[in-house]
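Have a look at the structure below before the remarks.
Side chains included, hydrogens not; waters and symmetry mates left out as well; all remaining heavy atoms used. Per chain, numbering begins at 1; letters A, B, ... match sequence-line order. Computed from a predicted structure; not experimentally measured.
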There are 2 protein chains.
Amino acid sequence: MATITIKDVAREANVSVASVSRALNGGSGVTAETGQRIREVASRLRYIPHAAARMLITRRTNTIGALLPDLYGEFFSELIRGIDLAARARGLHLLVSSSHDSSDDAAAALRAMQGRVDGMLIMSAHVDDAFLRANLPEGLPTVLINSAVKNKAYGVINVDNYACARAMVKHLLDVGHKNVAFIAGPENNFDAQQREKGYRAAMAKFASKIAPNVVAGDFTEEAGYRAGQELLAQKKRPSAVFAANDMMAVGCMHAFREAGLRMPQDIALAGFDDIPVARYVSPPLSTVRVRIVDLGRSALESVATILENPDHQVAVRPAFGCEIIVRETCGASRVAASHKKSLS
Amino acid sequence: MATITIKDVAREANVSVASVSRALNGGSGVTAETGQRIREVASRLRYIPHAAARMLITRRTNTIGALLPDLYGEFFSELIRGIDLAARARGLHLLVSSSHDSSDDAAAALRAMQGRVDGMLIMSAHVDDAFLRANLPEGLPTVLINSAVKNKAYGVINVDNYACARAMVKHLLDVGHKNVAFIAGPENNFDAQQREKGYRAAMAKFASKIAPNVVAGDFTEEAGYRAGQELLAQKKRPSAVFAANDMMAVGCMHAFREAGLRMPQDIALAGFDDIPVARYVSPPLSTVRVRIVDLGRSALESVATILENPDHQVAVRPAFGCEIIVRETCGASRVAASHKKSLS
DNA sequence: GGCGCGAACGTAAACGTTTTCATGGCGGCT
DNA sequence: AGCCGCCATGAAAACGTTTACGTTCGCGCC
């Protein structure tokens, strides 16, 4: 209970507190012999430096804050895992604040972290330039994850939604589908916007004769279900549907099956995210996978880099790649092989 | 850049630092008028108290640490969400350290948190009584999640795996299956042990003529697949199989389907956890659901309670209940209704 | 042998709060 | 009118480190 301080160690080892500090930190400035003795005493006494006192004088918390939105399960845990892994590798601590749903909520969470962190990792839909300027102390190293904000003051790491969506649409066209429709995500969602842009770009480039066919959605299974019904009701039913995320694809799948359609024979389907469920629906869903662990890891390394050399201008990390996961719903030829692989 | 301190506020408001401190914290001991003026100046100057300095003098970090193992995605994020929600409601911060796979790893993570937290939330397979005594400073409020450790010094919150497994087995017996087999989890896993005990208890009580039939597993899909094959190779094939978790149930399902068996007509199947995938496999998997968010929330409240009145003896919270989710694989009669409900 | 220099170590200031204690003023009671 | 006590306020100590700056000592070189 009686917390023991550096003074206790100093007294027990017959040295001054300064020497104890030197021995335990740098190690330079003390004899190898005394250093040894001090360390010995310290561990015998189970001395643990008072973190707050150290922070106070050092002006370093060795902690990074992570501000995350109310995230879908799988994505969240993978992201945290990546961040945490990288943080521990660098001896940094991780202060998290997740599941805030309003802008005010996020602002409060952000302010609460003030002074407890050396840098911030922020991922949130509510975050824009004004928000950051209002709630972030200037000079605090900050990296934005999946954000549309473009400001020299912040690092940004984004998934290359545009290129990935484009690639998936191209794939669908390549395997023979002409009339590819798209189920959009929430309007104000940056990921969703980029994916839609990717869809439109691919259509414009590789299927210029077909008009883009976009129906509304909001990333929920429910919306996917409705969008599926809407697409089936169209005069000219699309031959393939690309949903802006897997949840909507799953909902869409229900609508198709309800209508008695087989996939991919009657209609093809693809999603985005490769959530675990994608493998287990039947037929297994073709989708686009993002390496989320790497995203988190990279985000942390980025903020750590800024931390280490503040002069160094904020490096905008290259956007992250994804990979096309070919399962059964997209009607590609190499179905069997791909499916087996994805199960192993 | 120039961080502004309480002194700056004091000077600007023509008061002493003591008054500023009082005005910003308790509010008592200072005129309403001066208090107002001070708060005004503080917010104009965008003053934010230096957390470390406050911790140093207060000996309170207002932070609790969470030590978590390498957890399966869904479970992890739900748990964190619950913890985080409760923490923010109480104005506490959350320092997380996850995905450590060895005991040494966990010890290092634990030690690194020393002095940065007021209390700990620990969930890990590697944690036993000796480990805690060696790595945890005595007197640090600690709550263990899903742990077999019984020590008056720590709070413990467990899922009632035993009762839930027992209930599921009873359900399988109730709907007419006689010969219920069990696929076990890892031997050293506490959850797995409890679930197996629940299985054995239910069999002993409600199907005393049938010998328990347990095959080995380790919570992976792969193990479930092998266990499924093993069960099919038995002289007398079981009429129902209860897997210790959903992942193994899914693997088992693959084995059954590979053998041309239909579920539930030819053989029934049930899992544990209600991971999202359970709804999407076909046929949808009957399983046992645990309210993980509540588990996390409750764990945090528990440690916060200890924090607030240290005298109060550590309350061992009652174990958490679960619910039986009846879908299609268990062959119960009310399939349609239940399925519809679970999708809504 | 003295002088200077570097290494080992000690002293004390500084970090930004909270909190205890002292001080002064003001109002109410006798 | 005088005194007591309360309340707002200020001064200063304390929290446990790190680090700049002295001080001492030993050693090599002139």
Side-chain angles (χ1 to χ4, degrees), chain A residues 1-39 41-42 45-63 91 93 112-118 137, chain B residues 1-39 41-42 45-63 91 93 112-118 137:
Chain A
M1 201 58 207
T3 88
I4 80 135
T5 79
I6 198 173
K7 284 184 186 170
D8 301 315
V9 179
R11 178 165 16 84
E12 197 78 7
N14 289 318
V15 291
S16 72
V17 293
S19 294
V20 176
S21 177
R22 280 188 281 256
L24 264 36
N25 295 341
S28 99
V30 312
T31 316
E33 183 191 7
T34 24
Q36 175 63 23
R37 176 163 42 100
I38 290 174
R39 271 184 293 273
V41 171
L45 260 44
R46 293 169 143 259
Y47 164 67
I48 40 176
H50 196 294
R54 185 179 288 190
M55 288 180 207
L56 180 58
I57 188 78
T58 309
R59 318 193 73 61
R60 268 286 219 129
T61 64
N62 287 313
T63 304
H93 294 261
M113 283 192 178
Q114 300 298 39
R116 310 181 83 102
V117 298
D118 293 337
Chain B
M1 203 56 211
T3 88
I4 81 134
T5 78
I6 197 173
K7 285 184 185 170
D8 301 315
V9 179
R11 180 165 13 85
E12 198 79 7
N14 288 319
V15 291
S16 72
V17 292
S19 293
V20 176
S21 178
R22 280 189 280 258
L24 265 36
N25 294 341
S28 98
V30 62
T31 315
E33 182 192 8
T34 19
Q36 175 63 25
R37 175 162 44 98
I38 289 174
R39 270 185 294 273
V41 170
L45 260 44
R46 294 170 141 260
Y47 164 68
I48 40 175
H50 196 293
R54 186 179 288 192
M55 288 181 209
L56 180 58
I57 189 77
T58 309
R59 316 192 74 61
R60 268 285 220 129
T61 64
N62 286 314
T63 304
H93 294 260
M113 283 191 178
Q114 300 297 39
R116 310 181 83 102
V117 298
D118 292 338

Length of the [atom1]-[atom2] vector between [X] and [N], whole Å:
X         : N       : atom1 : atom2 : answer
Leu24(B)  : dT19(C) : CG    : C1'   : 15 Å
Ile4(A)   : dG16(D) : CD1   : P     : 11 Å
Ile48(A)  : dT17(D) : CD1   : P     : 9 Å
Arg116(B) : dG16(D) : CZ    : C1'   : 15 Å
His50(A)  : dT18(D) : NE2   : P     : 12 Å
Ile38(B)  : dG10(D) : CD1   : C1'   : 12 Å
Lys7(A)   : dT17(D) : NZ    : P     : 9 Å
Ile57(B)  : dC15(D) : CD1   : C1'   : 4 Å

If you check every side-chain atom of [X], which of [options] has the closest atom?
X        : options                   : value
Thr31(B) : dC9(C), dA8(D), dC15(D)   : dA8(D)
Ala18(B) : dT17(D), dT11(C), dA11(D) : dA11(D)
Arg54(B) : dT11(C), dT18(C), dT9(D)  : dT18(C)
Pro49(A) : dA11(D), dC9(C), dT17(D)  : dT17(D)
Ile6(B)  : dT18(D), dT17(C), dT17(D) : dT17(C)
Val17(B) : dG10(D), dT11(C), dA12(D) : dA12(D)
Ala53(A) : dT18(C), dG16(D), dG16(C) : dG16(D)
Asn25(A) : dT17(C), dG16(D), dT18(D) : dT18(D)

Indicate yes or no: at least one non-hydrogen side-chain atom of [X] is less than 4.5 angstrom from one of [Y].
X         : Y        : value
Thr3(A)   : Arg59(B) : yes
Asp118(B) : Arg60(B) : yes
Asn25(B)  : Arg54(B) : yes

Tightest non-hydrogen contact, residues Ala52(B) and Leu56(A), listed as CB-N, 3.8 Å
Would you say a side-chain N or O of [X] is under 4.0 Å from OP1 or OP2 of [N]?
X        : N       : value
Arg59(B) : dG16(D) : yes
Ser19(B) : dA8(D)  : no
Ser16(A) : dG10(C) : yes

Worked verdict on Ile6(B) versus Tyr47(B) for side-chain contact (heavy atoms from CB on, under 4.5 Å)
CA-CA 7 Å; Ile6(B) 197 173; Tyr47(B) 164 68; 3.6 Å; yes
May I ask you to check whether Thr63(A) and Arg116(B) show a side-chain donor-acceptor distance below 3.5 Å?
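On atom types as modelled, these side chains qualify, holding a pair under 3.5 Å.
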Just call it for Ser21(A): base, sugar-phosphate, or nothing, with non-hydrogen atoms closer than 4.0 Å on any strand.
base
Check: dG10(C) base within 3.5 Å donor-acceptor of Arg22(A) side chain
yes
